Amino acid sequence: MHSIEVKNLTKKFGDFVSVDNISFNVEQGEIFGFLGANGAGKSTTIKMLCGILNPSDGDAFVGGYSVKKEPDLVKKSIGYMSQRFSLYNDLTVIENIEFFGGVYGLKGKEYTERKNWVLDISYLKGKENTLTGSLPGGVKQRLALGTAVIHKPGIIFLDEPTSGVDPISRRNFWELINQLSEEGVTVFVTTHYLEEAEFCNNIILINAGKLIAEGNSTELKQNYLEGEVWEIQTDNPVDALDILNKENYVIESSIFGNNIHISLAKNFADKGKINEILKQNNIEVKSIEKIEPTLEDVFIHLLSDKYNV
Ligand SMILES: Nc1ncnc2c1ncn2[C@@H]1O[C@H](COP(=O)(O)OP(=O)(O)OP(=O)(O)O)[C@@H](O)[C@H]1O
Ligand SMILES: [Mg+2]
């Protein structure tokens with residue numbers, strides 16, 4: 001049995017199709033990255049998978065339960081951290097923990113153990129009576145994750161858990177996610193940070209509600225780019241980008257620091273041509289090198305207008 005099995009899942013709001021007939025599977029213990037731009041349909045999908053929002057069409061099986069027919073059983077077997085962290089800012093740390101412990105019906109020795117565990121992972125031992133709203137973002141985020149998994153669910157859904165959190169806290173948070181995955185928990189996570197997607201075992205990309213790419217990071221880099229990706233060092237990346245964008249062999253281009261990356265048409269390998277065209281425009285080229293594409297290169301390529309026409 002798959003940990004999560006999604007079959008033709010669709011959500012319409014009136015005439016608007018927010019999630020458009022998507023299907024995929026997630027295995028137990030996997031860290032599964034769900035990516036897409038703002039408004040792509042990530043939160044809507046997560047809410048359906050958590051049994052909170054009824055699908056318009058299709059179904060999904062989460063821990064074996066149908067989100068359409070058994071949403072209450074789904075809710076009991078998962079943990080969910082919503083996009084705006086599900087904590088109450090006007091409650092203290094311990095009140096928040098006890099609220100979630102109560103919701104999940106925890107009792108006795110196990111309850112005490114789990115409360116301590118949540119305090120532990122969120123570095124809040126001794127700060128039980130602090131008002132949650134006054135906690136730093138990174139700490140609040142760990143507390144939100146802790147409360148979401150206080151009942152030890154086998155599957156957790158995290159909707160942009162690291163947005164607005166500093167890089168060190170993000171890194172620590174991913175260590176926590178890894179730990180859970182190593183313990184066999186399925187982690188379904190959305191993020192805008194593509195370097196975080198590299199930590200996922202599998203990734204899918206959705207755009208305007210439709211699934212447009214899936215695979216692990218290596219597969220995505222191998223399967224979805226037609227040609228090579230080159231990095232060009234120049235003294236004027238902004239103008240160089242403008243000029244190269246007009247060339248038909250440049251599928252997509254973007255600025256990375258002082259360099260530009262161009263994703264090329266299949267079989268294009270003429271560095272001389274690029275040198276020449278930039279020289280004609282008085283732009284000095286310091287180097288042109290073939291590079292391993294990043295996930296960002298792949299996604300920019302997949303989401304670019306040139307690709308979609
Ligand atoms: N209750 C609703 N009624 C009408 N439209 C909705 C509703 N909920 C979401 N939508 C629309 O569905 C689309 C997908 O929204 P969703 O929140 O799932 O996107 P998202 O991928 O989570 O975006 P973000 O990265 O900004 O969180 C958006 O166009 C949104 O406006
Ligand atoms: Mg969202």
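Counting from 1, the numbers follow the sequence of the chain as shown. The structure displayed is predicted, hence computed values, not measured ones. Every number for a ligand or one of its atoms is a count from 1 in the order of the listing.
Inclusion of S43 in the first shell of the Mg ion (ligand 2) is supported: an N, O or S atom falls under 2.8 Å. Inclusion of T44 in the first shell of the Mg ion (ligand 2) is not supported: no N, O or S atom falls under 2.8 Å.
The single protein non-hydrogen atom nearest to atom 25 (O) of ligand 1 is K42 NZ, 2.7 Å, given as residue, atom name and distance. The nearest heavy-atom contact from the protein to atom 28 (C) of ligand 1 is G39 O, 3.9 Å. The protein non-hydrogen atom at the shortest distance from atom 17 (O) of ligand 1 is S43 CB, 3.7 Å. Ranking protein heavy atoms by distance to atom 26 (O) of ligand 1, first place goes to N38 ND2, 2.9 Å. Counting only heavy atoms of the protein, atom 27 (O) of ligand 1 lies nearest to Q83 NE2, 2.9 Å.
Taking a 4.0 Å cut-off on heavy atoms, A37 registers as neighbouring ligand 1.
For atom 22 (O) of ligand 1, the nearest protein heavy atom lies closer than 4.0 Å. By the definition of a contact as any protein heavy atom under 4.0 Å away, atom 30 (C) of ligand 1 is not in contact.
Using modelled atom types, one finds no donor on one side chain facing an acceptor on the other under 3.5 Å when comparing N96 with T147. When only modelled atom types and interatomic distance are considered, T186 and Q28 share a side-chain donor-acceptor pair under 3.5 Å. For the 3.5 Å distance criterion, the side chains of E196 and T162 qualify, holding a donor opposite an acceptor.
Partner F157 forms a ring pair (Phe, Tyr, Trp, His ring centres under 6.0 Å) with one of F32, Y80, F34, F188 and no other, that one being F188. For the side chain to side chain contact (heavy atoms under 4.5 Å, CB included) with T45, the lone residue among T190, L9, L53 that qualifies is L9.
Without hydrogens or angle criteria, S23 side chain to N8 main chain gives a donor-acceptor distance under 3.5 Å. Judged by distance alone, the side chain of N216 and the main-chain N or O of T218 form a donor-acceptor pair under 3.5 Å. Between the side chain of K42 and the backbone N or O of A37 there is at least one donor-acceptor pair closer than 3.5 Å. Under the 3.5 Å distance criterion, the side-chain polar atoms of S263 are left unmatched by any main-chain donor or acceptor of H301.
Those atoms of ligand 1 that come under 4.0 Å of a heavy atom in S18, given as number and element, are 12 (O), 13 (C), 14 (C). Each of the following atoms of ligand 1 lies closer than 4.0 Å to a heavy atom of E160: 24 (P), 25 (O), 27 (O). The contact set between ligand 1 and T44, taken as ligand atoms under 4.0 Å from a residue heavy atom, comprises 9 (C), 14 (C), 15 (O), 16 (P), 18 (O). Close approach of ligand 1 to H192 is summarised as follows: ligand atoms under 4.0 Å from at least one heavy atom of the residue are 25 (O).
Where the criterion is an N or O separation shorter than 3.5 Å, residue side chain and backbone included, G41 meets it with respect to ligand 1.
With F16, F13, F34 as candidates, the residue nearest to atom 6 (C) of ligand 1 on a non-hydrogen basis is F13.
Salt-bridge formation is detected for the pair D20/K210: a Lys NZ or Arg NE/NH1/NH2 atom is positioned less than 4.0 Å from an Asp or Glu carboxylate oxygen.
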